[in-house]
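Residue numbers start at 1 and run along the sequence shown. Just so you know, these numbers come straight off a predicted model, no measurement behind them.
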Amino acid sequence: MNPVPEDMENALMGSQSSHASLRDVHSINPTQLMARIESYEGREKKGISDVRRTFCLFVTFDLLFVTLLWIIELNVNGGIENTLEKEVVQYDYYSSYFDIFLLAVFRFKVLILAYAVCRLRHWWAIALTTAVTSAFLLAKVILSKLFSQGAFGYVLPIISFILAWIETWFLDFKVLPQEAEEENRLLIVQDASERAALIPGGLSDGQFYSPPESEAGTK
């Protein structure tokens with residue numbers, strides 16, 4: 001016997017694959033699709049995603065942690081009232097830690113406004129806060145006399161610098177990609193639901209049932 005031509009084999013394989021894909025489309029359960037769509041829409045109605053909420057909590061932690069370190073520094077250097085008057089009322093860029101605290105407040109306000117209130121889906125706000133924080137802290141460390149004032153001269157600038165860059169990493173590698181992935185999943189589910197709605201009602205796997213082949217020689 002002559003072998004089956006290659007073109008005929010390709011045609012048969014293409015026909016089988018198209019039949020399989022058609023069966024997959026017809027086997028979609030519209031009820032399950034609607035349930036998934038409602039699940040995704042419910043997440044949108046919650047306000048912000050879980051990963052964005054975690055980011056906002058970390059931004060709040062940033063502010064509270066820097067504030068706690070600053071209060072400890074005030075107590076260590078002669079009491080809160082005397083040191084507060086010295087660092088705030090008689091502010092000196094070269095020896096005061098008050099500006100590092102204000103820098104944490106700046107980061108908190110900008111990031112919460114951008115990513116919690118306005119629900120921004122871009123990196124420009126975190127880029128602004130990280131750039132300002134890095135530039136200010138580098139200038140502060142180079143020009144000021146903080147290193148001569150004990151351990152807090154090292155701790156506060158380093159902690160502020162690290163927290164700002166952790167926020168940048170978390171938003172850029174966790175928050176934005178995960179939310180984009182969730183949005184793509186929602187679009188795929190909605191598209192599948194629209195296709196399922198175009199199929200005549202009630203199609204199921206049973207309609208694609210093929211009866212078993214009859215035995216050779218039987219009628």
For T54, all residues meeting side-chain hydrogen bond (donor to acceptor under 3.5 Å, both in side chains), sequence neighbours excluded:
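Checked T54 against side-chain hydrogen bond (donor to acceptor under 3.5 Å, both in side chains); zero matches.
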Kindly work out whether a path of hydrophobic side-chain contacts (I/L/V/M/F/W/Y, heavy atoms less than 4.5 Å apart) joins [X] to [Y].
X: V155; Y: Y94; value: yes
X: W123; Y: V117; value: no
X: L57; Y: L171; value: no
X: L120; Y: L113; value: no
X: L138; Y: L143; value: no

Within-4.5 Å side-chain heavy-atom neighbours: [X] and [Y]:
X: T67; Y: V105; value: no
X: T133; Y: W165; value: no
X: Y97; Y: E87; value: yes

Minimal non-hydrogen separation, [X] against [Y], with atom names:
X: S96; Y: L146; answer: O-CD2, 4.2 Å
X: A164; Y: T130; answer: O-OG1, 3.6 Å
X: E167; Y: V59; answer: OE2-CA, 3.7 Å
X: S160; Y: L137; answer: CB-CD1, 3.7 Å
X: R52; Y: L176; answer: NH2-CD2, 4.4 Å
X: S134; Y: F161; answer: OG-CE1, 3.6 Å

Looking at [atom1] of [X] and [atom2] of [Y], how far apart are the two atoms once the value is rounded to the nearest 0.5 Å?
X: L156; Y: F152; atom1: CG; atom2: CZ; result: 7.0 Å
X: L63; Y: L111; atom1: CG; atom2: CG; result: 11.0 Å
X: I100; Y: S144; atom1: CD1; atom2: OG; result: 7.5 Å
X: L69; Y: L74; atom1: CG; atom2: CG; result: 11.0 Å
X: L163; Y: I166; atom1: CG; atom2: CD1; result: 5.5 Å
X: E182; Y: D50; atom1: CD; atom2: CG; result: 9.0 Å

Do R119 and E179 pass the side-chain contact (heavy atoms from CB on, under 4.5 Å) test, and can you show the C-alpha distance, the side-chain angles, and the key distance before you say yes or no?
CA-CA 11 Å; R119 301 175 193 174; E179 289 185 343; over 6 Å; no
Is there a donor-acceptor pair under 3.5 Å between the side chain of T129 and the backbone N or O of I126?
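Indeed, once roles are kept as given, a pair shorter than 3.5 Å links the two residues.
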Using modelled atom types only, decide if a donor and an acceptor are shared between the side chain of K140 and the backbone of Y93 within a distance under 3.5 Å.
yes
I'd like to check the salt bridge (Lys or Arg N to Asp or Glu O under 4.0 Å) partners of E81; sequence neighbours left out, ordered by chain and number.
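Residues passing salt bridge (Lys or Arg N to Asp or Glu O under 4.0 Å) with E81: none at all.
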Which residue is it: L64, L68, D62? I am looking for the one with a side chain to side chain contact (heavy atoms under 4.5 Å, CB included) to V66.
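That would be D62.
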Taking it one step at a time, do V175 and Y115 satisfy side-chain contact (heavy atoms from CB on, under 4.5 Å)?
CA-CA 10 Å; V175 178; Y115 297 109; over 6 Å; no
Can you classify the ring geometry of F58 versus F61 as parallel (below 30°), tilted (30 to 60°) or perpendicular (above 60°)?
tilted
State which residues pass ring pair (Phe, Tyr, Trp, His ring centres under 6.0 Å) with F101; sequence neighbours excluded, sorted by chain then number.
W70
